[in-house]
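What you see below is based on every heavy atom in this structure, not just the backbone, and it leaves out hydrogens, waters and symmetry mates.
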Amino acid sequence: MPPVPDAVAPGAAVPDRARSDACPGALRLHTADDGALARVRLPGGLLTDRQALALADAAEALGDGRPEITSRGNVQLRGLASDCGGELAERLRAAGLLPSDTHERVRNIVASPGPGAGPARGSADVRAWARALDAALCASPWATGLSGKFLFALDDGRGDVAALDADVTLIAGPDGTALLRLGRAATARPVPAGRAVAAALDAAREFLEAQRAAGVRAWHLRELPDLLPPGPLPLPPAAGTRPPLGALPGGGLHVGLRFGVATAGQWRALVAAAEGELRLTPWRGVVLPGAPAGRLPALAAVGFRTGVGTAAGPGVGPVAGPAWDGASACTGLPGCAKSRSDVRADAARALDGAWVLNEGAALLPVHWSGCERRCGHPAGRRVDVLATGEGYRVTVTGGAQGRDTAVEVTNEQMAAAVAAARRTT
C-alpha cells in the first residue's frame, strides 16, 4: 500500500486522515492484479516451525505458493481467490496466527531479530517484550483506533530496528532501563525495563487521545510531531546495522531472500534447518536461532542468500555479493496495474550484474518503484529508482543540504547508474 510521506514540511498543513487507512490484513483482503492479497501480522517476526509450515501450506493451497516477507517482518500471501477469506482465517486460527479478529491489523511490532542478551549480543532479549506488547494490544479495546500502519519497534540496544523510525520505539539499555522514543524525535523518555511495554502502550493511547482533543486524525506520530512531549534525554543516531548473512556471532543463522519472496518448498527447507523457531526480519530475511552453520550449504542450494562465497541456486544468478544487501522493490508488473514496469525483474538483472562492481563498497540502500506511490520503500537516506515508462529516474535522497539528486536513464543504463549512486557518500 502507498507509504505516508516521510515528514510534514515546515509550515505545511497537518494531514487530517478523514478516512481509515486501507492496509490489508488477514481478514481484510486487498484486490490486486494477480488476485487477492492477505497480510498476516507476526509481532516481532516470531514464528514457530509449525506456524511457518501453516503459512507455506496456506500459500500453496489458496494462493500462488510464494509467501512474501514484508518490510515489517510480516508475511503476505498473494494470488488468493476472492472467496478464500473464511478458509484462510480458519487455517490461521488453528496455527495460533489470528489471536484477535478485531485487533489483527494493529499488531504491527518489529523487534531486533538477533540472539538475546549476552556477549556479542544486545542488552536484552526483546522476544518477551514483543509477546507482552502483542497480548496487551489485543486486550485493549481502544487500540482498534490505531491505524493499520502504526508501528512499534523493540530494539535490543544495538540500534538495528531503532533506525526504522517507528511511531513508538523501545530501546533496551545495559542497566535494566529502557528508552522510549516517539516518532522521529531526537530525544527519549527513560523508563524502567519492567514498565517498558506498558509505557509503549501508554504512548500509543496518548497519541489517540491527543488527536481527539485536537480534533484531527493521523496515522503516524510523525504527521503530528508536536502532539506529545518527546522526552528529556538526547539520543545518538541509531546504528541501523543489520545482522550479517550466514552464521551469527552470537549463535544461529541469518539468510536472505530475493525481495522477501520464497516458494513454499523453500519455506519448508527453512523449517527443516531451524531449531523450532524462526524470526522474520524487517530486511526481508530470516534468523534461525540456534541453528548450526553446517546447515548453510543446504539453504544456499535451494536459493537463499547465505553470505559471501555462496550461490543463489541453479539459474538464479550470483547474489552472494553486497549488491543485494539493502535492496528492495515494490511488486510491480504483473501484480500491480499501477506499475509502469516489471521492476523486480529489472532490479534483479541490475543487482546480479553489479555485485562484482560493488564488491567491498559501503552501499546505500536502494528501492525500485513502479509508480510514484513507492510502496514499501525504506526509511532514511537511500537510492530511489522510479519507473517512468521510458526508463528509470535514479535519485539519491537526502543529499547535501537535504537536496535530492536525480538522473534520467534508459533501462540499459539503469544498472550502472544505480551502482554508482549507491556508492555516494
Side-chain angles (χ1 to χ4, degrees), residues 1-3 17 19-110 134-135 137-141 143-151 219 259-268 271 278 280 284 330-339 373 375-376:
M1 301 305 295
R17 306 293 185 182
R19 64 173 178 84
S20 174
D21 71 276
C23 274
L27 300 177
R28 179 197 286 183
L29 305 188
H30 169 73
T31 301
D33 260 27
D34 57 349
L37 177 152
R39 185 172 297 160
V40 183
R41 265 66 174 188
L42 305 173
L46 301 176
L47 279 175
T48 66
D49 51 3
R50 184 177 72 88
Q51 290 172 329
L53 288 175
L55 287 172
D57 291 343
E60 204 165 45
L62 306 177
D64 65 2
R66 292 159 52 86
E68 178 179 357
I69 301 175
T70 74
S71 60
R72 293 181 167 191
N74 296 318
V75 165
Q76 289 186 162
L77 304 178
R78 302 189 66 99
L80 300 169
S82 60
D83 61 352
C84 78
E87 182 178 352
L88 175 61
E90 289 179 8
R91 287 173 176 265
L92 296 178
R93 287 191 191 99
L97 293 170
L98 190 57
S100 171
D101 288 9
T102 54
H103 290 68
E104 60 99 5
R105 289 195 321 120
V106 301
R107 301 170 65 226
N108 295 304
I109 304 169
V110 296
D134 182 32
L137 273 173
C138 291
S140 301
T144 59
L146 294 171
S147 160
K149 299 175 180 292
F150 193 94
L151 180 63
W219 295 342
F259 305 126
V261 179
T263 65
Q266 287 174 314
W267 273 77
R268 294 186 181 105
V271 171
L278 300 85
L280 311 190
R284 298 180 172 90
C330 73
T331 298
L333 293 175
C336 177
K338 291 182 172 64
S339 181
R373 299 188 307 165
C375 296

Set of side-chain contact (heavy atoms from CB on, under 4.5 Å) partners for Pro43, sequence neighbours left out: Arg107, Ile109, Asp134
With sequence neighbours left out, what residues match [X] under salt bridge (charged side-chain N to carboxylate O under 4.0 Å, His left out)?
| X | value |
| --- | --- |
| Asp33 | none |
| Glu87 | Arg91 |
| Arg41 | none |

side-chain hydrogen bond (donor to acceptor under 3.5 Å, both in side chains) with [X]: which residues, sequence neighbours excluded?
| X | answer |
| --- | --- |
| Arg72 | none |
| Thr144 | none |
| Arg284 | none |
| Asp34 | Arg78 |

For the side chain of Asp21 and the backbone of Ser147, is there at least one donor-acceptor N/O pair under 3.5 Å apart? no
Counting only N and O atoms by type, is there a donor-acceptor contact under 3.5 Å from the side chain of Gln76 to the main-chain atoms of Glu68? no
How long is the gap from [atom1] on [X] to [atom2] on [Y], to the nearest 0.5 Å?
| X | Y | atom1 | atom2 | answer |
| --- | --- | --- | --- | --- |
| Leu37 | Leu29 | CG | CG | 8.0 Å |
| Leu92 | Leu27 | CG | CG | 8.0 Å |
| Leu46 | Leu42 | CG | CG | 8.5 Å |
| Leu151 | Leu146 | CG | CG | 11.5 Å |
| Leu62 | Leu88 | CG | CG | 6.0 Å |

Quick one: list whatever passes ring pair (Phe, Tyr, Trp, His ring centres under 6.0 Å) with Phe259, sequence neighbours left out. Trp324
Quick check: closest heavy atoms across [X] and [Y], and the distance to 0.1 Å?
| X | Y | answer |
| --- | --- | --- |
| Val106 | Ala143 | CG1-O, 3.7 Å |
| Ala81 | Ala36 | O-CB, 4.2 Å |
| Ala56 | Ala264 | O-CB, 3.8 Å |
| Ala52 | Leu278 | CB-CD1, 4.0 Å |
| Asn108 | Gly148 | ND2-O, 2.8 Å |
| Trp219 | Phe150 | O-CD1, 3.7 Å |

Go through the steps to decide whether Arg373 and Cys336 satisfy the test side chain to side chain contact (heavy atoms under 4.5 Å, CB included), and finish with yes or no. CA-CA 12 Å; Arg373 299 188 307 165; Cys336 177; 3.7 Å; yes
Would you list the pairs meeting side chain to side chain donor-acceptor pair (under 3.5 Å) in which at least one residue belongs to residues 95-104, sequence neighbours left out? Arg93-Asp101, Ser100-Thr102, Ser100-His103
Val75 and Leu97: side chain to side chain contact (heavy atoms under 4.5 Å, CB included), yes or no, with the steps? CA-CA 11 Å; Val75 165; Leu97 293 170; over 6 Å; no
Asp57 and Arg50 ion-paired at < 4.0 Å: no
